[in-house]
Novice: 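I am attaching a structure below and will ask some questions about it afterwards.
Computed from heavy atoms alone, side chains included, the values below leave out hydrogens, waters and symmetry copies. Counting starts at 1 for both ligands and their atoms, in listed order.
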Amino acid sequence: MDKLLISGGNSLKGEISIAGAKNAVLPAMAVALLTEGDSEIRNVPLLNDIKMMSHLLRIIGTKVDYRDNTLYLDTKHCSFCEAPYELVSKMRASIYVLSPLLARFGRAHVSLPGGCAIGARPIDLHLKSLQKMGVEIKIENGYINAQVDKLKGADIFFDKSSVGATITVLMAAVTAEGITNIINAAIEPEVIYIIELLQAMGANITGKSTTELVVKGVKKLKPVDTEVIADRIEAGTFMIAAAITRGDVKVINCIPHHLFSLMEKLQEAGCQLEYGPDWIHIIAAKKIRSVNITTKPYPGFPTDLQAQFLALMTVAEGTSIIEENIFPERFHHVPELNRLDASIELDDHRAIIKGVKELSSAPVMATDLRASAALVLAGLTAKGTTTLSRVYHLDRGYEKMENKLQKLGADIVRSH
Ligand code: UD1
């Protein structure tokens with residue numbers, strides 16, 4: 001199994017280009033299933049999660065090709081309505097095929113996702129909403145057995161903001177009979193991207209505000225033809241990498257306004273930031289100040305950058321408190337960071353981090369994608385050579401992260 005060997009101490013310097021957003025590509029691929037035809041998704045990075053979703057779409061009967069960062073999906077011959085356990089248990093976003101299968105074939109047999117490395121992640125909001133739209137759902141032998149004659153518009157209120165459930169309902173509503181009102185829709189950039197994608201395909205989606213959506217079902221949609229938005233989490237990870245190594249990095253091909261919450265916190269920590277239409281330049285502070293963060297739905301601080309920011313706080317001056325409100329158990333990186341001589345205590349869904357002068361190397365491993373990224377960042381500043389195993393978690397969401405870091409001057413190599 002691959003490992004990363006990271007020798008800490010080099011300041012990152014230079015320019016780095018950001019890839020398309022994994023969390024936008026995955027639902028866009030599911031959206032293609034709503035149509036019968038040839039879809040094209042551009043600016044797609046070669047990530048393990050995208051390979052897994054491609055595999056799932058092939059099982060369903062889609063012809064999938066990937067060339068020059070573009071996915072070509074031919075959904076004319078889809079007919080198999082199943083998402084098997086082997087795939088859904090590895091990648092929860094597989095649940096995204098549920099609505100398109102129901103919209104197109106009136107039935108779906110999708111495995112329940114089960115537990116996950118970042119804690120309990122229920123799908124009750126997805127299922128309750130689909131039931132309101134007329135879907136009959138039975139949970140049998142670990143699978144969701146769902147069927148419907150014709151999806152019907154409904155009033156959907158989310159008592160919690162959910163990216164996944166909002167996209168599930170949007171995909172069900174766009175070709176349903178009648179009108180669906182979605183109240184308290186998630187407004188993460190990836191949700192807005194999917195709304196705009198569906199509108200370009202002929203969907204009728206309007207809103208009183210971005211959190212209150214009105215979807216009038218249409219008969220048919222055009223195939224997907226889209227360029228994916230930049231990955232705000234990859235961009236944020238490189239910005240934090242610049243800060244933790246006291247570097248000077250220009251992140252290009254990104255969308256700065258998707259990253260305001262992080263920019264604000266990096267400035268509070270003492271970093272200098274400038275940005276233009278599609279770039280952010282960060283010059284790290286010599287001494288990083290401790291900063292508190294609380295994760296929240298967008299536009300609040302994203303849970304997907306919590307682990308990386310926590311890594312930065314391990315070498316800040318003073319004590320910081322990081323509160324995780326989206327996935328309260330998402331702290332598996334903490335014991336690993338403590339192995340690198342960080343000083344972090346956990347108190348329920350809070351981490352209390354006492355900044356130390358220096359981290360030192362150790363063998364570490366991660367249990368999830370963003371925790372792996374946090375350990376890479378810690379390794380970049382730790383004294384000595386840190387070995388990170390289970391790199392497959394990192395490869396789920398970052399395209400050749402070590403190559404990009406090498407380009408910025410990091411001493412990081414992959415060993416097979
Ligand atoms: C998506 C992202 C993930 C990110 C998360 C929050 C993808 C593929 N993944 O995950 O990277 O960390 O948004 O920004 O886009 N919840 C329920 N019931 C449900 C659904 C969700 O209680 O049916 C809860 C979750 O446990 C969590 C909160 O709602 O506490 C938000 O989760 P949600 O936005 O749905 O996350 P995902 O869509 O799974």
Side-chain angles (χ1 to χ4, degrees), residues 20-31 45 47-50 52-53 56 87-99 110 112-132 137 139 144 156-172 182 184-194 211 228-229 231-234 236-237 258-259 261-262 294-309 323-333 349 368-374 393-394 396-398:
K22 165 180 91 75
N23 289 350
V25 177
L26 296 173
M29 292 173 79
V31 164
L47 302 173
N48 279 356
D49 271 11
I50 289 165
M52 263 192 272
M53 193 67 162
L56 175 54
L87 280 170
V88 185
S89 59
K90 285 194 198 117
M91 189 188 58
R92 297 178 51 88
S94 312
I95 195 79
Y96 278 143
V97 301
L98 181 57
S99 285
V110 175
L112 284 170
C116 151
I118 63 175
R121 288 176 78 176
I123 52 160
D124 56 316
L125 298 173
H126 300 242
L127 300 186
K128 251 195 279 178
S129 316
L130 289 174
Q131 279 169 325
K132 273 199 155 182
I137 293 179
I139 306 292
I144 305 158
I156 308 289
F157 168 75
F158 291 125
D159 63 357
K160 211 175 204 181
S161 173
S162 161
V163 171
T166 302
I167 293 177
T168 284
V169 171
L170 280 167
M171 289 190 289
I182 311 176
N184 195 23
I187 53 166
E188 269 65 6
E190 297 76 22
V191 177
I192 306 298
Y193 161 77
I194 290 295
T211 60
V228 173
I229 54 169
D231 194 321
R232 63 194 166 106
I233 306 302
E234 190 199 20
T237 303
H258 290 171
L259 284 150
S261 60
L262 173 66
T294 303
T295 63
K296 290 190 187 138
Y298 188 83
F301 194 95
T303 172
D304 285 352
L305 286 173
Q306 177 259 105
Q308 300 90 315
F309 202 86
E323 192 172 304
E324 174 56 64
N325 285 319
I326 311 291
F327 299 113
E329 295 162 46
R330 190 175 204 174
F331 282 119
H332 292 294
H333 38 290
H349 63 296
D368 71 79
L369 163 59
R370 306 303 170 187
S372 313
H393 288 298
L394 196 71
R396 291 184 56 180
Y398 296 90

Novice: Applying a heavy-atom cut-off of 4.0 Å, say which part of R370 lies close to ligand 1: side chain, backbone, both or neither.
Specialist: neither

Novice: Show the nearest heavy-atom pair for residues Y298 and R232, with the distance to one decimal.
Specialist: CD1-NH1, 3.9 Å

Novice: For ligand 1, which atoms have a heavy atom of R330 less than 4.0 angstrom away?
Specialist: 12 (O)

Novice: Report yes if some N/O of R92 lies less than 3.5 Å from some N/O of ligand 1; otherwise report no.
Specialist: no

Novice: With a cut-off of 4.0 Å, which atoms of ligand 1 are near a heavy atom of G164?
Specialist: 35 (O), 38 (O)

Novice: Tell me which part of Y298 gets within contact of ligand 1: side chain, backbone, both or neither, using heavy atoms under 4.0 Å.
Specialist: neither

Novice: Kindly indicate whether the side chain of L112, heavy atoms from C-beta on, has any atom under 4.5 Å from the side chain of V88.
Specialist: no

Novice: Heavy atom to atom 21 (C) of ligand 1, shortest distance: which of S162, P297, A21 holds it?
Specialist: S162

Novice: For Q306, state whether at least one heavy atom is located under 4.0 Å from any atom of ligand 1.
Specialist: no

Novice: So which atom in L262 and which in F309 form the shortest heavy-atom distance, rounded to 0.1 Å?
Specialist: CD1-CD1, 3.8 Å

Novice: Minimum heavy-atom separation for A307 to A374, with atom names?
Specialist: O-CB, 3.2 Å

Novice: Which ligand 1 atoms does H126 reach within 4.0 Å, using its non-hydrogen atoms?
Specialist: 23 (O)

Novice: Looking at I229 and P189, what are the two nearest heavy atoms and their distance?
Specialist: CD1-O, 3.8 Å

Novice: Is there a polar contact between ligand 1 and N23, counting only N or O atoms under 3.5 Å apart?
Specialist: yes

Novice: Would V163 count as a polar contact of ligand 1, with the cut-off being nitrogen or oxygen pairs under 3.5 Å?
Specialist: yes

Novice: So, taking the atom named CG in L125 and the one named CZ in F157, what distance separates them when rounded to the nearest 0.5 Å?
Specialist: 10.0 Å

Novice: For atom 31 (C) of ligand 1, which candidate among A186, P122, S161 holds the nearest heavy atom?
Specialist: S161

Novice: Could you check if a side-chain atom of L170 sits within less than 4.5 angstrom of a side-chain atom of S99, using non-hydrogen atoms only?
Specialist: no

Novice: Does at least one non-hydrogen atom of K160 fall below 4.0 angstrom from an atom of ligand 1?
Specialist: yes

Novice: Just to be sure I read this right, does ligand 1 sit under 4.0 Å from the backbone of D124, its side chain, both, or neither, counting only heavy atoms?
Specialist: both

Novice: Flag L26 as yes when one of its N or O atoms lies below 3.5 Å from any N or O atom of ligand 1, and as no otherwise.
Specialist: no

Novice: Show every salt bridge (charged side-chain N to carboxylate O under 4.0 Å, His left out) that has at least one partner inside residues 21-30, sequence neighbours left out.
Specialist: K22-D49

Novice: For L125, which part has a heavy atom under 4.0 Å from ligand 1: side chain, backbone, both, or neither?
Specialist: both

Novice: Does V110 reach the side chain of I95, with side-chain heavy atoms less than 4.5 Å apart?
Specialist: yes

Novice: Apply the test side-chain contact (heavy atoms from CB on, under 4.5 Å) to residues I144 and I137: give CA-CA distance (whole Å), side-chain angles for both, the deciding distance (0.1 Å), then the verdict.
Specialist: CA-CA 7 Å; I144 305 158; I137 293 179; 3.9 Å; yes

